[in-house]
Amino acid sequence: MSPRYEGKPRFGAVKTLEDFDFDAQPAARQQVGALASGGFLTEARNVVLLGPPGTGKTHLATALGVAAANHGHRVLFATATDWVTRLADAHRAGRLPQELARLRRYGLIIVDEVGYLPFEQDAANLFFQLVSSRYEHASLILTSNLPFSGWGGVFGDQAVAAAMIDRIVHHADVLTLKGASYRLRGRGIDSLPSIRTTTDQAES
Ligand code: ADP
Ligand code: MG
């Protein structure tokens, strides 16, 4: 078992809901406000944050994690790639079931950046097992710059992706963030063709 995952949520920069400028994402204000109380955790509901780069997905995922921790829930945060690495380590050691059981004792697991890198088939299957093991037991927050329709390409298999999305969204709040990157605000470069393409893709 890798000790570096123990004890702390392992967030990157700590961001809070108070730091979030909802004027940039007015449509998300009410939904995020309702999630901040942590009620979704007691029902083992999930939260999915979708949208183009820089729209605040990681910020909101972190902030909801901080709020959950403040309500006394156990929280872990890592990127999708890190979660797969961790599950693959457990699988190789012949203790995947024990690891999944242990992770179920965390009320909230945050999986940042689904779709940033495509998964190998084995990785996709491991990720599916994480989603299945938590289904109706404990919550996940996932972030992705891809719409659900793009997840088949990430997991290399439409059937695996469909089965996974089915479990994730059965009891979930899906928030779609919109607009230009907050990072690039006011720099006059939010209409670069590469940015537009990403935005179009994420909103298609
Ligand atoms: P994403 O994960 O969607 O790519 P991030 O959450 O990493 O975007 O946001 C990029 C940066 O901009 C971060 O520093 C984040 O705190 C900030 N940011 C994004 N949206 C907002 C917002 N609405 N209010 C305040 N800061 C924001
Ligand atoms: Mg992010």
Side-chain angles (χ1 to χ4, degrees), residues 5 8-38 40 46-70 75-86 108-119 123 127 130-131 139-151 153-155 161 164-165 168-169 172-204:
Y5 290 106
K8 319 184 213 139
R10 307 272 325 160
F11 297 116
V14 173
K15 307 274 179 169
T16 66
L17 292 171
E18 289 71 34
D19 302 333
F20 196 78
D21 169 15
F22 281 97
D23 291 341
Q25 296 293 339
R29 189 191 301 265
Q30 210 185 345
Q31 254 177 314
V32 173
L35 293 167
S37 67
F40 73 100
N46 302 317
V47 177
V48 186
L49 293 156
L50 302 176
T55 49
K57 302 181 297 297
T58 299
H59 187 137
L60 285 177
T62 303
L64 289 171
V66 169
N70 288 339
V75 182
L76 289 172
F77 177 104
T79 63
T81 306
D82 287 346
W83 281 116
V84 162
T85 302
R86 179 180 186 172
L108 177 59
I109 281 185
I110 302 173
V111 183
D112 199 21
E113 296 181 348
V114 174
Y116 197 70
L117 294 173
F119 291 129
F127 196 73
L130 176 67
V131 169
S139 296
L140 287 166
I141 295 180
L142 301 105
T143 82
S144 182
N145 60 340
L146 295 174
F148 288 124
S149 59
W151 286 32
V154 174
F155 294 101
M164 184 156 32
I165 292 164
I168 292 167
V169 303
D173 290 283
V174 180
L175 284 77
T176 304
L177 305 180
K178 296 194 165 37
S181 171
Y182 199 87
R183 295 185 184 101
L184 305 183
R185 276 174 130 218
R187 305 219 191 153
I189 51 175
D190 52 351
S191 58
L192 282 174
S194 61
I195 306 288
R196 255 207 320 272
T197 304
T198 313
T199 304
D200 292 348
Q201 197 186 7
E203 290 183 350
S204 63

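Read the numbers this way: they start at 1 and go in the same order the structure lists the ligands and their atoms.
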Top protein contact for [atom], by heavy-atom distance:
atom                    : value
atom 15 (C) of ligand 1 : H59 ND1, 3.4 Å
atom 24 (N) of ligand 1 : D21 N, 2.7 Å
atom 7 (O) of ligand 1  : R183 NH2, 3.1 Å
atom 4 (O) of ligand 1  : G54 N, 2.7 Å
atom 18 (N) of ligand 1 : Y182 CD2, 3.3 Å

query: Once the angle between the rings of F155 and F119 is folded into 0 to 90°, is it parallel (under 30°), tilted (30 to 60°) or perpendicular (over 60°)?
result: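 F155 vs F119 ring planes: tilted.
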
- prompt: After noting the C-alpha distance and the side-chain angles of R29 and D23, does the key distance pass the side-chain contact (heavy atoms from CB on, under 4.5 Å) rule?
  reply: CA-CA 8 Å; R29 189 191 301 265; D23 291 341; 3.0 Å; yes

Mind listing the closest non-hydrogen atom pair of [X] and [Y] along with its distance?
X    : Y    : value
P52  : G179 : CG-O, 4.0 Å
L177 : Q25  : CA-OE1, 3.6 Å
W83  : I110 : NE1-O, 2.8 Å

- prompt: Looking at ligand 1, does K15 have a heavy atom less than 4.0 Å from it?
  reply: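 It does; at least one heavy atom falls under 4.0 Å.
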
field: Metal site the Mg ion (ligand 2): N/O/S of N145 inside 2.8 Å
entry: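 Checking the Mg ion (ligand 2) against N145, no N, O or S atom falls under 2.8 Å.
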
- request: Check whether any N or O atom of L60, backbone or side chain, sits under 3.5 Å from an N or O atom of ligand 1, and answer yes or no.
  value: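 Between L60 and ligand 1, no N or O pair is found under 3.5 Å apart.
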
query: Do any nitrogen or oxygen atoms of K57 come within less than 3.5 Å of a nitrogen or oxygen of ligand 1?
result: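 Between K57 and ligand 1 (N or O atoms, distance only) the closest approach is under 3.5 Å.
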
message: If you take the nearest heavy atom of each of G56, P26, A24, which one is closest to atom 9 (O) of ligand 1?
response: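 Comparing heavy atoms across G56, P26, A24, the nearest one to atom 9 (O) of ligand 1 lies in G56.
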
message: Taking 4.0 Å as the limit for heavy-atom contacts, which would you say applies to T143 with ligand 1: side chain only, backbone only, both, or neither?
response: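 The answer is neither; T143 stays 4.0 Å or more away.
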
- request: Would you mind telling me which of L50, V48, T143, V32 makes a side-chain contact (heavy atoms from CB on, under 4.5 Å) with L175?
  value: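 The option that passes is V32.
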
field: Given L17, D21, T16, the one that forms side-chain contact (heavy atoms from CB on, under 4.5 Å) with D19
entry: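 So, applying the side-chain contact (heavy atoms from CB on, under 4.5 Å) to D19 and each of L17, D21, T16, only T16 qualifies.
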
task: Evaluate whether atom CZ of F148 has more than 12 neighbouring non-hydrogen atoms of other residues, nucleotides or ligands under 6.0 angstrom away.
output: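 Yes - once you tally the heavy atoms of other residues, nucleotides and ligands closer than 6.0 Å, there are more than 12.
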
- prompt: Which ligand 1 atoms, with their elements, are less than 4.0 angstrom from a heavy-atom of P53?
  reply: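 In order of numbering, the contacting atoms are 4 (O).
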
